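Note sheet for the following structure.
Below, read A as the first sequence line, B as the second, and so on, with proteins coming before strands; counting in each chain starts at 1. In this text, all values refer to a predicted model and were calculated from it rather than measured experimentally.
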Amino acid sequence: MEKVSLKKDTNILQYVKENRKDNVVVARIDGRLVDLDTTLDSEKEVELISINDDEGLQVLRHSAAHVMAQAIKHIYKNAKFAIGPATDSGFFYDVDVGRTLTISDLPPVEEEMKRIVRADYSFKRKELSKEEALSYFSNDEYKIDILRRIKDSKVTLYTQGDFTDLCGGPHVPSTSFIKYFKLLSVSGAYFRGIETGPVLQRIHGACFATEKELNDYLHFLKEVKKRDHRRLGKELDLFHITDEIGAGFVIWHPKGAMLRHLIEQYEIREHLKRGYELVKGPELLRSELWKKSGHYDNYRELMYFTKVENQEFGVKPMNCLGHIAVYASKKRSYRELPKRYFELGIVHRHEKSGVLHGLLRLREFTQDDAHIFCRADQLNEEITKVLDFVKDTMDIFEFDFSLELSTQPEKHIGSEENWRKATQALQQALEKTNKEYRINEGEGAFYGPKIDVKLKDALRREWQCATIQCDFALPERFNLVYTDKDGREKRPVMVHRVILGSIERFVAILIEHFTGDFPLWLAPVQARILPVSEKFLSYGMEVYKRLSERGLRIEIDARGETLSRRIREAEKAHIPFMCIVGEREKERKSIAVRQRKKGNMGNFSVEAFSNMIDEMCKNRINQTA
RNA sequence: GCCCAUGUAGCUCAGCGGGUAGAGCACUUCCUUGGUAAGGAAGAGGUCGCAGGUUCAAGUCCUGUCAUGGGCUCCA
């Protein structure tokens, strides 16, 4: 971005051309973005914005959408267009060509786009009244609908070559600016997101300022595919999901169950260390209770119910009621607060069929859920402790993360005083982390403000995991109290919080983050023993026994395959270490250690190898890093 | 829940202008007894997601249904 002062009657496009500012695509005058082809009516400060600026790139992408629309119009004469905005990696356009499109329809469109780019049509802006525009688009129900929603009496059209579209602009000067793009996918999308309305074809494309950025993005997409937890889950034999058992339910295989177990073991240990108590509520609770909590009214479609002997029960979609029951089981004194109840709670939610997605969206999953019951004056410290917990956990699993505070929404319950105090407590705790955080005004839950934690994985993708929510509603509804110093009964504050969120979902994120190469302390199998031939099987079994006794997670591959083959298969199975035992090892009572992807590490005694593994686990060293 | 696409052996996929199925890998057996990423041979394995329909005849065409994928909507 560059600021220049230009005289009256200067045409910015001409100025840019004369001064060889090739990447400049749009300008800002008096705070408004305008096309370069603008002639100044007085001397002005003008900001020149290039495709390397965020705003310039957005304009470029938006123009790319128009080029795609033009290409589609050339191929499908009756095509109609709804909206075609820029996205954070390119653009899409929702189109109606009278039929559904498939991925094989895209290459011709892309070819035509390239032709349009080469032809270098200028984008020409034209202002006209809404009535004129309505008559221009009289055959296009989508544009008519959009026009009717525009408040201004004046609208603008943009024309490049033989194609004109309703658009607020601005655009790049001409189509040749759009050099690096690729059409990626097509899918159905409702017009204006209305489920009952017409379904359009949404074509997504990637578009970048440079060839390198486009290639990097395409590489990123490949990497995403390569790391897909559904693919790796199958390859690594961790779990499967089948309609025979039920959509949205996971069948964990031994290695996947071990991985979960290691995570859960870590969690239980950490929670106990931090003053949480383990509790456990039932899976089914009487419907009366869900009525009392408000779930019956607000959450019913997502719950499973069952009726036995005239009594209705709901399968829990959340763990709070069990924890509340623990709290309410006796009189509480201000002295015993805070109470921190933790449970690896299994919850069921009947998610709509179309949203299920591997381990990321299930109908049964496990939350690392805790509820903290505390006094208002303890809230700040409790939140701080939870944030510390989040930070330590993210460090251990090797994730970066960011924080967000969501404040009071319009529709809410609880006193203003409570909201003020709780929001302040959350905010003060956030300040103490010395980390930047974003504020989402009015995005809190109706029952209280919350902090959301988004972790960033190896591909810099963000995932919502931890969340910390203050709740004024449930203590009220269940009439929870404690006896304060002055002998009066007071209402505790309840904090709902999860650290990893859902264990299943977190496993998915871990798989993708590490591409299945888990840190040694999480690797379901840490080493595989490979006897060179059957002659050394009994020595191999001896090594197996000794390593297992020392707590290592070991397998032995005693099949009659060649050593090379068994090494290859262990490599493909992402087993971190191979212990090769043959004549030499048997004689010296040792093992030849091979590290995955790195090769032979030489000979170790069983003790030395086992100590090395212990050490790496203790320091949580990622052996594949 | 909605739109489109897909559903064939444990896995990845081929076969489809209708004539009762094929490859590679995995699996089993035999030979090979191996030293750091695929030794060789033989064999077994499928009511072609499920249920109807059209037809002399249906993975192949039609309808419904379930599931998966990409989106839309949703994620309190």
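- Atom pair A:Ile203:CD1 and B:A5:P shows a separation of 15 Å (rounding to whole Å applied).
- With distances taken from any side-chain atom of A:His357 to the nucleotides B:G35, B:U12, B:G70, the minimum falls on B:G70.
- Between the side chains of A:Glu343 and A:His323, a donor-acceptor pair is found at a separation under 3.5 Å.
- B:A9 is unpaired under the criterion used here, namely a Watson-Crick or G-U wobble arrangement in which both key atom distances are under 3.5 Å.
- Note: A:Phe208 and A:Tyr217 have tilted aromatic rings, judged against thresholds of 30 and 60 degrees for the angle between ring planes.
- Comparing B:C25 with B:A41, their P atoms sit 10 Å apart, to the nearest whole Å.
- Scanning atom types as modelled, no donor and acceptor separated by under 3.5 angstrom connect the side chain of A:Arg202 and the base of B:C4.
- A donor and an acceptor atom, one from each side chain of A:Gln367 and A:Asn319, are located under 3.5 Å apart.
- For the pair A:Glu569 and A:Ser533, nearest-nucleotide mapping onto RNA chain B gives the more 5' position to A:Glu569.
- Figure legend. B:A38 is base-paired to no nucleotide; pairs are counted as Watson-Crick or G-U wobble with both atom distances under 3.5 Å.
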Might you work through the side chain to side chain contact (heavy atoms under 4.5 Å, CB included) test for A:Val581 and A:Leu530, ending with a clear yes or no? CA-CA 6 Å; A:Val581 291; A:Leu530 307 178; over 6 Å; no
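- For the P atoms, the distance linking B:U54 with B:G17 amounts to 24 Å, nearest Å.
- Atom-to-atom, CG of A:Leu360 to C1' of B:G69 comes out at 14 Å; the value is rounded to the nearest Å.
- In this model, a side-chain donor or acceptor of A:Glu585 finds a partner on the base of B:G35 within 3.5 Å.
- Under a 4.0 Å N-O distance rule, the pair A:Lys292/A:Glu476 does not qualify as a salt bridge.
- When the P atom of B:A37 is taken as reference, atom CG of A:Asp557 falls 15 Å away, rounded to whole Å.
- Of the nucleotides present, none pairs with B:U33 by Watson-Crick or G-U wobble criteria with both distances under 3.5 Å.
- Under the Watson-Crick or G-U wobble criterion, with both distances below 3.5 Å, B:A21 has no partner in any strand shown.
- For the pair A:Ile245 CD1 and B:C66 C1', the interatomic distance rounds to 15 Å; values are reported in whole Å.
- Comparing B:A51 with B:C66, their C1' atoms sit 10 Å apart, to the nearest whole Å.
- As the counterpart of B:C61, B:G53 is assigned, both hydrogen-bonding distances of the Watson-Crick or G-U wobble pattern falling under 3.5 Å.
- The side chain of A:Lys535 sits closest to B:G34 out of B:G34, B:U36, B:G70.
- For A:Arg596 against B:A37, no side-chain N or O and base N or O form a donor-acceptor pair under 3.5 Å.
- Salt-bridge annotation for A:Arg528 and A:Glu555: present, with a side-chain N of the basic residue lying under 4.0 Å from a carboxylate O of the acidic one.
- One finds a side-chain N or O of A:Ser353 lying less than 4.0 angstrom from the OP1 or OP2 phosphate oxygen of B:G1.
- For B:G39, neither phosphate oxygen OP1 nor OP2 lies less than 4.0 angstrom from any side-chain nitrogen or oxygen of A:Arg566.
- At B:G39, one or more side-chain N or O atoms of A:Thr562 fall inside 4.0 Å of OP1 or OP2 (strictly under the cut-off).
- Backbone-only contact: A:Leu356 has heavy atoms under 4.0 Å from sugar-phosphate atoms and none from a base.
- For B:G52 and B:A14, the P atoms lie 28 Å apart once the distance is rounded to whole Å.
- OP1 and OP2 of B:U36 both lie 4.0 Å or more from every side-chain N or O belonging to A:Lys598.
- When both distances must be under 3.5 Å, the Watson-Crick or G-U wobble mate of B:G45 does not exist.
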